[in-house]
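Below you'll find the structure, written out as C-alpha coordinates, and then a few comments.
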Amino acid sequence: HRDLHSFPTRRSSDLGGTVSIDNHGTIDGTINVGNGTFTNESDGVWNVAGTNDFTAGTVTIDNIGTINLSGSGAISDGTLNNNGTLNLQGTSELENDTLANAGVIDVGGTGVTFSNESVTNTGSEVATDIIDVTGALTLENASSIISGDSNDVTVEKGASLTLEDTSYIKDGLLTNLGNVFVEKSAGAAFDDVDVNNTDGTNVGTIHVDTAQTPATLILENGTQISSGTIDIGDVGTLEIKSAAGATLSGVEVDVTSDANGTGVVQVDDGSILKLAGTINYGIINDYSGLAGGTIDIIGPSTIENATLNK
(Lines give C-alpha, C1' and ligand atoms only; values in the text may rest on other atoms or scores of the structure.)
Protein backbone atom coordinates (compact mmCIF):
# COMPACT_ATOMS: atom_id res chain seq x y z
CA HIS A 1 0.00 0.00 0.00
CA ARG A 2 1.41 3.39 -0.99
CA ASP A 3 0.15 6.84 0.03
CA LEU A 4 1.01 10.07 -1.75
CA HIS A 5 -0.17 13.37 -0.26
CA SER A 6 -0.09 17.11 -0.85
CA PHE A 7 2.42 17.60 -3.62
CA PRO A 8 2.53 20.89 -5.55
CA THR A 9 3.33 19.35 -8.95
CA ARG A 10 3.80 15.78 -10.21
CA ARG A 11 4.55 14.54 -13.70
CA SER A 12 3.57 11.21 -15.26
CA SER A 13 3.32 8.35 -12.76
CA ASP A 14 3.21 4.56 -13.17
CA LEU A 15 2.28 3.15 -9.79
CA GLY A 16 1.84 -0.49 -8.86
CA GLY A 17 0.24 -2.19 -5.88
CA THR A 18 -2.60 -0.59 -3.95
CA VAL A 19 -2.18 3.16 -4.16
CA SER A 20 -3.87 6.08 -2.42
CA ILE A 21 -3.28 9.52 -3.98
CA ASP A 22 -4.58 12.67 -2.26
CA ASN A 23 -3.90 15.72 -4.45
CA HIS A 24 -3.94 19.28 -3.13
CA GLY A 25 -1.66 20.63 -5.85
CA THR A 26 -1.25 20.17 -9.59
CA ILE A 27 -0.62 16.97 -11.52
CA ASP A 28 0.56 17.29 -15.13
CA GLY A 29 0.54 14.04 -17.09
CA THR A 30 -0.77 10.51 -16.87
CA ILE A 31 -1.46 8.13 -14.01
CA ASN A 32 -1.52 4.36 -14.53
CA VAL A 33 -2.76 2.61 -11.39
CA GLY A 34 -3.75 -1.01 -10.86
CA ASN A 35 -5.70 -0.71 -7.62
CA GLY A 36 -6.43 2.21 -5.38
CA THR A 37 -8.07 5.61 -4.93
CA PHE A 38 -7.18 8.97 -6.41
CA THR A 39 -8.77 11.95 -4.66
CA ASN A 40 -8.47 15.31 -6.37
CA GLU A 41 -9.27 17.71 -3.55
CA SER A 42 -11.07 21.06 -3.93
CA ASP A 43 -7.72 22.82 -4.43
CA GLY A 44 -6.40 20.08 -6.71
CA VAL A 45 -5.87 20.28 -10.47
CA TRP A 46 -5.16 17.32 -12.74
CA ASN A 47 -4.11 18.20 -16.31
CA VAL A 48 -4.42 15.18 -18.58
CA ALA A 49 -3.00 15.02 -22.10
CA GLY A 50 -2.24 11.29 -22.42
CA THR A 51 -4.07 8.03 -21.75
CA ASN A 52 -4.65 7.08 -18.12
CA ASP A 53 -5.13 3.33 -17.93
CA PHE A 54 -6.80 1.70 -14.94
CA THR A 55 -7.49 -1.67 -16.58
CA ALA A 56 -5.25 -3.65 -14.24
CA GLY A 57 -7.63 -3.55 -11.31
CA THR A 58 -10.17 -1.48 -9.40
CA VAL A 59 -9.61 2.26 -9.23
CA THR A 60 -11.87 5.00 -7.91
CA ILE A 61 -11.29 8.65 -8.85
CA ASP A 62 -13.00 11.17 -6.56
CA ASN A 63 -12.87 14.66 -8.05
CA ILE A 64 -13.77 17.63 -5.87
CA GLY A 65 -11.42 20.01 -7.69
CA THR A 66 -10.70 20.36 -11.41
CA ILE A 67 -9.73 17.76 -14.01
CA ASN A 68 -8.73 19.07 -17.44
CA LEU A 69 -8.53 16.63 -20.36
CA SER A 70 -6.94 18.16 -23.46
CA GLY A 71 -5.61 17.00 -26.82
CA SER A 72 -6.22 13.26 -27.04
CA GLY A 73 -6.23 12.82 -23.27
CA ALA A 74 -8.21 9.83 -22.04
CA ILE A 75 -9.38 8.12 -18.86
CA SER A 76 -9.94 4.41 -19.42
CA ASP A 77 -11.75 2.07 -17.00
CA GLY A 78 -12.27 2.72 -13.32
CA THR A 79 -14.98 4.70 -11.52
CA LEU A 80 -14.99 8.50 -11.70
CA ASN A 81 -17.06 10.45 -9.16
CA ASN A 82 -17.21 14.09 -10.21
CA ASN A 83 -18.29 16.58 -7.56
CA GLY A 84 -16.11 19.35 -8.97
CA THR A 85 -15.39 20.41 -12.55
CA LEU A 86 -14.49 18.10 -15.42
CA ASN A 87 -13.30 19.98 -18.53
CA LEU A 88 -13.18 17.89 -21.72
CA GLN A 89 -11.26 19.58 -24.55
CA GLY A 90 -9.75 18.61 -27.91
CA THR A 91 -10.48 15.00 -28.88
CA SER A 92 -10.40 13.67 -25.34
CA GLU A 93 -12.18 10.45 -24.41
CA LEU A 94 -13.79 8.67 -21.49
CA GLU A 95 -13.86 4.93 -22.14
CA ASN A 96 -15.24 1.92 -20.27
CA ASP A 97 -15.77 4.05 -17.16
CA THR A 98 -18.60 4.56 -14.74
CA LEU A 99 -18.99 8.32 -14.36
CA ALA A 100 -21.17 9.70 -11.56
CA ASN A 101 -21.64 13.43 -12.07
CA ALA A 102 -22.82 15.64 -9.22
CA GLY A 103 -20.83 18.65 -10.42
CA VAL A 104 -20.12 20.26 -13.79
CA ILE A 105 -18.98 18.55 -16.96
CA ASP A 106 -17.98 21.10 -19.61
CA VAL A 107 -17.54 19.56 -23.07
CA GLY A 108 -15.70 22.19 -25.09
CA GLY A 109 -13.59 20.02 -27.39
CA THR A 110 -14.27 19.59 -31.09
CA GLY A 111 -14.30 15.79 -30.94
CA VAL A 112 -14.96 14.50 -27.42
CA THR A 113 -16.07 10.86 -27.15
CA PHE A 114 -17.82 8.75 -24.53
CA SER A 115 -17.18 5.12 -25.51
CA ASN A 116 -18.94 2.35 -23.57
CA GLU A 117 -19.36 4.96 -20.85
CA SER A 118 -22.11 4.76 -18.20
CA VAL A 119 -22.92 8.25 -16.94
CA THR A 120 -25.30 9.31 -14.17
CA ASN A 121 -26.10 13.02 -13.87
CA THR A 122 -27.80 13.58 -10.53
CA GLY A 123 -26.31 16.61 -8.74
CA SER A 124 -28.51 18.30 -6.13
CA GLU A 125 -27.77 21.85 -7.38
CA VAL A 126 -29.76 21.35 -10.57
CA ALA A 127 -29.10 24.90 -11.86
CA THR A 128 -25.36 24.33 -11.93
CA ASP A 129 -24.76 20.56 -11.75
CA ILE A 130 -25.07 19.87 -15.46
CA ILE A 131 -23.44 18.41 -18.53
CA ASP A 132 -22.83 21.44 -20.76
CA VAL A 133 -21.82 20.80 -24.37
CA THR A 134 -20.24 23.84 -26.00
CA GLY A 135 -18.20 21.82 -28.52
CA ALA A 136 -18.96 18.35 -29.96
CA LEU A 137 -19.72 15.21 -27.94
CA THR A 138 -20.27 11.72 -29.37
CA LEU A 139 -21.81 8.80 -27.45
CA GLU A 140 -20.78 5.45 -28.95
CA ASN A 141 -20.55 1.75 -28.13
CA ALA A 142 -23.76 1.74 -26.09
CA SER A 143 -22.83 4.71 -23.91
CA SER A 144 -25.59 6.16 -21.76
CA ILE A 145 -26.48 9.27 -19.78
CA ILE A 146 -29.08 8.79 -17.04
CA SER A 147 -30.18 12.01 -15.32
CA GLY A 148 -32.21 12.90 -12.29
CA ASP A 149 -35.68 14.26 -13.03
CA SER A 150 -34.49 17.90 -12.89
CA ASN A 151 -30.92 17.48 -14.12
CA ASP A 152 -29.97 18.85 -17.51
CA VAL A 153 -27.81 17.98 -20.48
CA THR A 154 -27.43 21.20 -22.48
CA VAL A 155 -26.29 21.46 -26.09
CA GLU A 156 -25.43 25.11 -26.58
CA LYS A 157 -25.89 27.14 -29.78
CA GLY A 158 -23.30 26.05 -32.33
CA ALA A 159 -22.54 22.83 -30.42
CA SER A 160 -23.48 19.21 -31.17
CA LEU A 161 -24.34 15.93 -29.49
CA THR A 162 -24.16 12.72 -31.56
CA LEU A 163 -25.67 9.36 -30.60
CA GLU A 164 -24.41 6.27 -32.41
CA ASP A 165 -25.32 2.54 -32.35
CA THR A 166 -27.55 1.86 -29.30
CA SER A 167 -26.39 4.76 -27.11
CA TYR A 168 -29.16 6.47 -25.18
CA ILE A 169 -30.25 9.25 -22.84
CA LYS A 170 -32.69 8.40 -20.08
CA ASP A 171 -34.74 10.62 -17.74
CA GLY A 172 -34.09 14.25 -16.91
CA LEU A 173 -33.86 17.19 -19.29
CA LEU A 174 -32.16 17.70 -22.64
CA THR A 175 -31.94 21.34 -23.74
CA ASN A 176 -30.91 21.45 -27.40
CA LEU A 177 -30.01 24.89 -28.71
CA GLY A 178 -27.65 23.48 -31.36
CA ASN A 179 -27.74 20.12 -33.12
CA VAL A 180 -28.38 16.57 -31.98
CA PHE A 181 -27.32 13.94 -34.53
CA VAL A 182 -28.36 10.29 -34.61
CA GLU A 183 -26.00 8.42 -36.94
CA LYS A 184 -25.03 4.81 -37.69
CA SER A 185 -27.66 3.76 -35.22
CA ALA A 186 -29.63 0.53 -34.88
CA GLY A 187 -31.69 2.14 -32.13
CA ALA A 188 -30.35 5.12 -30.22
CA ALA A 189 -32.99 6.29 -27.77
CA PHE A 190 -34.51 9.04 -25.69
CA ASP A 191 -36.15 7.20 -22.78
CA ASP A 192 -38.54 9.34 -20.70
CA VAL A 193 -36.59 12.51 -21.53
CA ASP A 194 -38.01 16.04 -21.59
CA VAL A 195 -36.39 17.58 -24.69
CA ASN A 196 -36.68 21.31 -25.27
CA ASN A 197 -35.30 22.67 -28.54
CA THR A 198 -35.45 26.34 -27.63
CA ASP A 199 -34.64 28.82 -24.89
CA GLY A 200 -36.92 31.43 -26.45
CA THR A 201 -34.12 32.84 -28.63
CA ASN A 202 -32.10 29.95 -30.02
CA VAL A 203 -33.73 26.96 -31.72
CA GLY A 204 -32.18 23.51 -32.05
CA THR A 205 -32.58 20.66 -34.53
CA ILE A 206 -32.54 16.88 -34.11
CA HIS A 207 -31.13 15.09 -37.18
CA VAL A 208 -31.85 11.40 -37.77
CA ASP A 209 -29.45 10.23 -40.52
CA THR A 210 -27.46 12.88 -42.35
CA ALA A 211 -24.78 10.57 -43.75
CA GLN A 212 -26.94 8.19 -45.82
CA THR A 213 -26.24 5.43 -43.30
CA PRO A 214 -29.40 3.92 -41.75
CA ALA A 215 -30.17 5.43 -38.37
CA THR A 216 -33.05 5.03 -35.93
CA LEU A 217 -34.03 7.27 -33.02
CA ILE A 218 -36.42 5.61 -30.57
CA LEU A 219 -38.70 7.79 -28.44
CA GLU A 220 -40.17 5.81 -25.55
CA ASN A 221 -41.70 5.79 -22.06
CA GLY A 222 -43.24 9.25 -22.23
CA THR A 223 -40.47 11.24 -23.90
CA GLN A 224 -41.61 14.77 -24.74
CA ILE A 225 -40.05 16.95 -27.42
CA SER A 226 -40.98 20.63 -27.60
CA SER A 227 -40.29 23.17 -30.35
CA GLY A 228 -37.61 23.07 -33.01
CA THR A 229 -37.23 20.64 -35.89
CA ILE A 230 -36.70 16.92 -36.28
CA ASP A 231 -35.00 16.31 -39.63
CA ILE A 232 -35.28 12.69 -40.82
CA GLY A 233 -32.97 11.69 -43.66
CA ASP A 234 -33.82 9.38 -46.53
CA VAL A 235 -32.71 6.26 -44.62
CA GLY A 236 -33.68 7.56 -41.19
CA THR A 237 -36.44 6.33 -38.88
CA LEU A 238 -38.15 8.06 -35.96
CA GLU A 239 -39.67 5.20 -33.96
CA ILE A 240 -42.30 5.64 -31.24
CA LYS A 241 -42.12 2.76 -28.80
CA SER A 242 -43.86 1.62 -25.57
CA ALA A 243 -47.36 2.17 -24.21
CA ALA A 244 -46.43 5.61 -22.84
CA GLY A 245 -45.04 6.54 -26.26
CA ALA A 246 -43.98 10.10 -26.97
CA THR A 247 -45.32 13.62 -27.38
CA LEU A 248 -44.27 16.08 -30.08
CA SER A 249 -45.41 19.59 -29.20
CA GLY A 250 -44.72 22.56 -31.47
CA VAL A 251 -42.27 20.41 -33.43
CA GLU A 252 -41.84 20.36 -37.19
CA VAL A 253 -40.88 16.91 -38.49
CA ASP A 254 -39.29 17.21 -41.95
CA VAL A 255 -38.85 13.87 -43.69
CA THR A 256 -36.60 13.49 -46.74
CA SER A 257 -37.85 11.57 -49.75
CA ASP A 258 -35.49 11.26 -52.71
CA ALA A 259 -33.83 8.77 -55.05
CA ASN A 260 -31.91 7.20 -52.16
CA GLY A 261 -35.00 6.40 -50.10
CA THR A 262 -37.72 7.84 -47.92
CA GLY A 263 -37.54 8.58 -44.22
CA VAL A 264 -40.04 6.94 -41.88
CA VAL A 265 -42.05 7.89 -38.81
CA GLN A 266 -43.04 4.60 -37.16
CA VAL A 267 -45.53 4.11 -34.32
CA ASP A 268 -45.06 0.59 -32.96
CA ASP A 269 -47.90 -1.75 -32.01
CA GLY A 270 -49.47 -0.68 -28.73
CA SER A 271 -47.57 2.62 -28.76
CA ILE A 272 -48.93 6.16 -28.97
CA LEU A 273 -47.70 9.33 -30.66
CA LYS A 274 -49.31 12.45 -29.22
CA LEU A 275 -48.98 15.14 -31.86
CA ALA A 276 -49.35 18.90 -31.73
CA GLY A 277 -47.08 19.75 -34.63
CA THR A 278 -46.32 19.13 -38.27
CA ILE A 279 -45.11 16.12 -40.26
CA ASN A 280 -43.94 16.97 -43.76
CA TYR A 281 -43.43 14.29 -46.42
CA GLY A 282 -42.12 10.77 -45.93
CA ILE A 283 -43.86 7.61 -44.75
CA ILE A 284 -45.84 7.21 -41.54
CA ASN A 285 -46.12 3.56 -40.47
CA ASP A 286 -48.76 3.34 -37.77
CA TYR A 287 -47.81 -0.23 -36.88
CA SER A 288 -44.92 -2.63 -36.35
CA GLY A 289 -47.07 -5.76 -36.63
CA LEU A 290 -50.79 -6.49 -36.88
CA ALA A 291 -52.14 -4.63 -33.83
CA GLY A 292 -51.16 -1.13 -34.88
CA GLY A 293 -50.26 1.97 -32.95
CA THR A 294 -52.14 5.21 -32.19
CA ILE A 295 -51.67 8.77 -33.36
CA ASP A 296 -53.49 11.14 -31.00
CA ILE A 297 -53.89 14.70 -32.25
CA ILE A 298 -53.71 16.78 -29.07
CA GLY A 299 -53.34 20.24 -30.63
CA PRO A 300 -53.13 22.11 -33.94
CA SER A 301 -51.37 19.71 -36.32
CA THR A 302 -50.64 19.24 -39.99
CA ILE A 303 -49.65 16.08 -41.88
CA GLU A 304 -48.70 17.14 -45.38
CA ASN A 305 -47.56 15.17 -48.43
CA ALA A 306 -46.95 12.07 -46.30
CA THR A 307 -48.03 8.48 -46.93
CA LEU A 308 -49.92 6.96 -43.99
CA ASN A 309 -49.78 3.17 -43.71
CA LYS A 310 -52.08 1.62 -41.13
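Only heavy atoms go into these numbers, but all of them, side chains included; no hydrogens, no water, no symmetry mates. Start at 1 with the first residue, then count along the sequence.
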Query raised in the report: In chain order, what residues pass the salt bridge (charged side-chain N to carboxylate O under 4.0 Å, His left out) check against Asp234, with sequence neighbours excluded?
Result: none
Query raised in the report: If only atom types and distance count, is the side chain of Asp165 paired as donor or acceptor with the main-chain N or O of Asn141 below 3.5 Å?
Result: yes
Query raised in the report: Counting N and O atoms only, with roles assigned by atom type, does the side chain of Thr223 sit under 3.5 Å from a partner on the main chain of Val193, one being a donor and the other an acceptor?
Result: yes
Query raised in the report: Is any side-chain N of the basic residue among Lys310 and Asp286 closer than 4.0 Å to the acidic one's carboxylate O?
Result: yes
Query raised in the report: Going by heavy atoms in the side chains, are Asp97 and Ile61 under 4.5 Å from each other?
Result: no
Report task. Indicate whether the side chain of Thr205 and that of Asp231 have a donor and an acceptor atom separated by less than 3.5 Å. Result -> no
Report task. Kindly indicate whether the side chain of Asp209, heavy atoms from C-beta on, has any atom under 4.5 Å from the side chain of Thr256. Result -> no
Query raised in the report: Just checking, is any N or O donor in the side chain of Thr294 or Asp296 under 3.5 Å from an acceptor N or O on the other one?
Result: no
Query raised in the report: Between the side chain of Ser92 and the main-chain N/O of Ser72, is any donor-acceptor distance below 3.5 Å?
Result: no
**Report entry** Residue pair Ile206 / Asn197, side-chain heavy-atom distance below 4.5 Å
**Finding:** yes
Query - Side-chain heavy atoms of Ile105 within contact of Asn121, under 4.5 Å - result: no
Query raised in the report: Do Val119 and Leu94 come close enough that some side-chain heavy atom pair is under 4.5 Å?
Result: no
Query raised in the report: Is a side-chain donor or acceptor of Ser288 paired with a backbone partner of Asp269 at a separation under 3.5 angstrom?
Result: yes
Query raised in the report: Is Asn68 close to Gln89 at the side-chain level, that is, under 4.5 Å between some pair of heavy atoms?
Result: no
Report task. Determine whether Thr237 and Asn285 make a side-chain contact, defined as any pair of heavy atoms from C-beta on separated by less than 4.5 Å. Result -> no
Query raised in the report: Would you find more than 12 non-hydrogen atoms of other residues, nucleotides or ligands less than 6.0 Å from Asn309 atom CG?
Result: yes
Query raised in the report: Within a strict 4.5 Å, meaning less than it, do heavy atoms of the Thr26 and Asn47 side chains meet?
Result: yes
Query - Phe38 and Trp46 aromatic ring geometry - parallel, tilted or perpendicular at 30°/60° bounds - result: perpendicular
